[in-house]
Each structure stands twice: as C-alpha cells, then as structure tokens.
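Here is the structure we will look at.
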There are 2 protein chains.
Amino acid sequence: MDRFLSNTVSRIDAKGRVSVPAHFRAVVQKRGYSELYALRCLDLPAMDVGGLDLLDRYEQRIALEDPFLQTADDMSFFCHGDGTFLKLDQDGRITMSDFIREHTGISAEVAFVGRGNFFQIWEPGRLAAYGAQARARLLQLRQGTKPGERPE
Amino acid sequence: MDRFLSNTVSRIDAKGRVSVPAHFRAVVQKRGYSELYALRCLDLPAMDVGGLDLLDRYEQRIALEDPFLQTADDMSFFCHGDGTFLKLDQDGRITMSDFIREHTGISAEVAFVGRGNFFQIWEPGRLAAYGAQARARLLQLRQGTKPGERPE
DNA sequence: TGGGACACTATGGGCGTCAACGGGAATAGG
DNA sequence: CCTATTCCCGTTGACGCCCATAGTGTCCCA
C-alpha cells in the first residue's frame, strides 16, 4: 500500500509531540520521503502534509496563471512561503508548532486524514464538522440521479 | 462463486470482534484481497466493505473533476479520508472500531449484506427498517404511484 | 433410514508483541 | 546559562496470534 488512506486521532503530549500513525509512516518510507512538508490549506483549518512532490501540484497550477497578475504571486507565496517542515523523531513523532496550531486550532488532539498522495492534519472537532458538510454537498450531486441508481 | 451474496448476522464479542461469514471470507480469498477497506456510505448508516478496488471507481470519477474545485476535494475526502482498513485475524474476525460504530449505530450485533462486488455492514435493526422502506418504494413503482403517495 | 463420527463455523479467552505515550537525560542553539 | 529540541528508555494498553469449546450440518456406514 503506497497511498495515504483511513484516519486516526492521536494525543499531543506535554512536549507538544504527537505520534504519526504507524500506517502513515510506512507509506512515507515506501514513498521515500526524507522529510515531510506541511502546507496551510487555503480555505480550510487544516494542513496538507506530504513529500516535496506536494508542491508539484500547486506549481503546475501556478504555471497556468498569468505571471503579471496578482493571483500567481499570491499562489506562489502561499505554497512556497506558507509551509513548514515536519521532522519525524526516531519514535515517529512530530512536533505541533504554533504555526500549525494557529491555522488549525489544534490543541490537545490531532486527527490524521489520508488523502491519497498526501494526508491532512485537523483539529478533530473541526474535522467532524467539515466532514458533515462535505458529505451533504456530495449528496446534493446525487439529487439528479434516478431512483434505485447508485452513482459512484 | 466470486460475488458477495446473501446476508448473515453475527455477534460481537467482549473484545469488539466479530466473525466475517465463512462464505464471504471465501470470496475475499478468491478475489485475492490482502486487506479489506471499509467506507462510510454517503446516505446510509452502513459501511461498504471490499478490496482496494472499491476505490477505483471513485478515483476514476475524481480524475474527471478540476482538482482545484471543491467537488474534487469533497470526493477525495470521502473516499480516502472517510474509510478504514479492516484486518481479518487468522480466525476470520474483524474488529468493530468506534469509527464504524458511530456511523452505523452498531453495538452488539452486525449484519453482513452481500452486494455483489462488495458487502455491507449494518446494525441489524436499521437494516430491517431500511429494507422495509426499500421494499415499499419498489412496490410504489410497480403500482404506478409516485414516491410519497400512499399506494392503494 | 437412523445413528454416529467427523468437519467446520462461530465464539470465548489467555498471552505475547508492538505502537502510542510519558518522562528523564543529553545535546544544541541562542 | 537557559531554553528548546533530540535521544533514549520504561510503561501501558490495544491488537494479533493461538488454543479451547460448543453448536451445527454433512457424510458414511451399519
């Protein structure tokens, strides 16, 4: 398995450390990530975490923008400047910095959420709220389908 | 037989374990699933369970979306983040985590329902209620009345 | 055709292993 | 010199592995 799947909640200890789920660590190693990079999500109180290839996705997007417009500049600032490296200690833990706490609202517990090629870090309560909203939006997509059909 | 068919109810033991019906286990083995993945159903208090190929359909669908729009994010969140792995122990049992219990309402017993390429996990009472509703909807279709109307 | 041995499944429980977690000591950095 | 980070160790609890038992259905043979 080489994708980040499933989700887990871990406690933060007195030193601000939190264990990355063993399953995720296995994926990190399998993908050969030497270090993790965490990016503040644009519109969510969460961090996107992955290898440096996480940036490829955004850089491709930036390349589509007109370099003379502000949008490209904003995007570059966002993905190159609004992130932080996460070092795994030898027990597989990372430290929750204020930079992360401010954006996510994380205080005592951290929810790790697989997203395929990367994973996310959430404050568990906010994650639950967002999950309910996302679920409701997807259900609306289904409105147009016929009775008895199972889309997706 | 390589499809998941029929249904069974099993008891959960003191450790939270429950036996997957032998017939389903045989299908799992025949299909070569090394591990099971369980996904929270969008609109039902049930889990869809199958191999990782369960995700293929969703991922193909996601690939059609603009990856920077919310819809793609919602879909990825649903299929990558709102699932969990189910490990079969060597006696063919799986463990009912809180993640599953919260969504399904499962507490003491589990209903396994074959769905062809995958199967579902239900709280038996809710399954019965849902089955009655589905049956009623089909009857209405047959009698030509519109959903919401009372037949007869 | 009835009885019984056998096979298999579901279920319960003991136990070892490992991940998560807490905390002290060493180290680096300011 | 003080603080923050890193390393390392011990503890604990969850989970996987293993064995035992009971209930049930099957098959064979008398």
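Numbered from 1 within each chain, the chains take letters A, B, ... in sequence-line order.
Tested against A:Phe112 for a side chain to side chain contact (heavy atoms under 4.5 Å, CB included), the candidates A:Val9, A:Val18, A:Asn7 yield a single pass: A:Val18.
Taking atom NE2 on B:His23 and atom C1' on C:dA10, their separation rounds to 17 Å, with Å as the unit. One can place CZ of B:Phe24 at 18 Å from C1' of C:dC8, the figure rounded to the nearest angstrom. Distance A:Leu88 CG to D:dT6 P: 11 Å, rounded to the nearest Å. Going from atom CZ of B:Phe85 over to atom P of C:dA19 covers 16 Å, rounded to whole Å. With rounding to whole Å, A:Asp89 atom CG is found 14 Å from C:dG22 atom P. Atom-to-atom, CZ of B:Phe112 to C1' of C:dT9 comes out at 13 Å; the value is rounded to the nearest Å. When rounded to the nearest whole Å, the span between CG of B:Asp13 and P of D:dC18 equals 18 Å. Whole-Å rounding puts the A:Glu35 CD to D:dT6 C1' distance at 16 Å.
The residue B:Arg17 sits close to a base: some heavy atom pair falls under 4.0 Å. B:Lys15 comes within 4.0 angstrom of a base, heavy atoms only. If you check every strand for non-hydrogen atoms under 4.0 Å, A:Thr95 touches nothing. Heavy atoms of B:Val20 sit under 4.0 angstrom from primed sugar atoms or phosphate atoms, though from no base atom. Looking at heavy-atom distances under 4.0 Å, B:Arg11 makes contact with sugar-phosphate atoms alone, never a base.
Comparing atom distances between the B:Arg25 side chain and each of D:dC18, C:dC21, C:dA10 picks out C:dA10 as nearest. With distances taken from any side-chain atom of B:Arg93 to the nucleotides C:dT11, C:dG23, C:dA20, the minimum falls on C:dT11.
Using cut-offs of 30° and 60° on the angle between ring planes, the pair B:Phe78 and B:Tyr58 is perpendicular. B:Phe119 and B:Phe24 have tilted rings, their planes meeting at an angle from 30° to 60° on a 0 to 90° scale.
With hydrogens and angles left out, the side chain of A:Asp91 and the base of D:dC8 share a donor-acceptor pair within 3.5 Å.
When only modelled atom types and interatomic distance are considered, A:Tyr33 and A:Asp53 share a side-chain donor-acceptor pair under 3.5 Å.
The shortest distance between the side-chain N/O atoms of B:Gln90 and the OP1/OP2 oxygens of D:dC18 is below 4.0 Å.
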- Would you check, one step at a time, whether the test ring pair (Phe, Tyr, Trp, His ring centres under 6.0 Å) holds for B:Phe4 with B:Phe118? CA-CA 6 Å; B:Phe4 295 101; B:Phe118 62 99; 8.2 Å; no

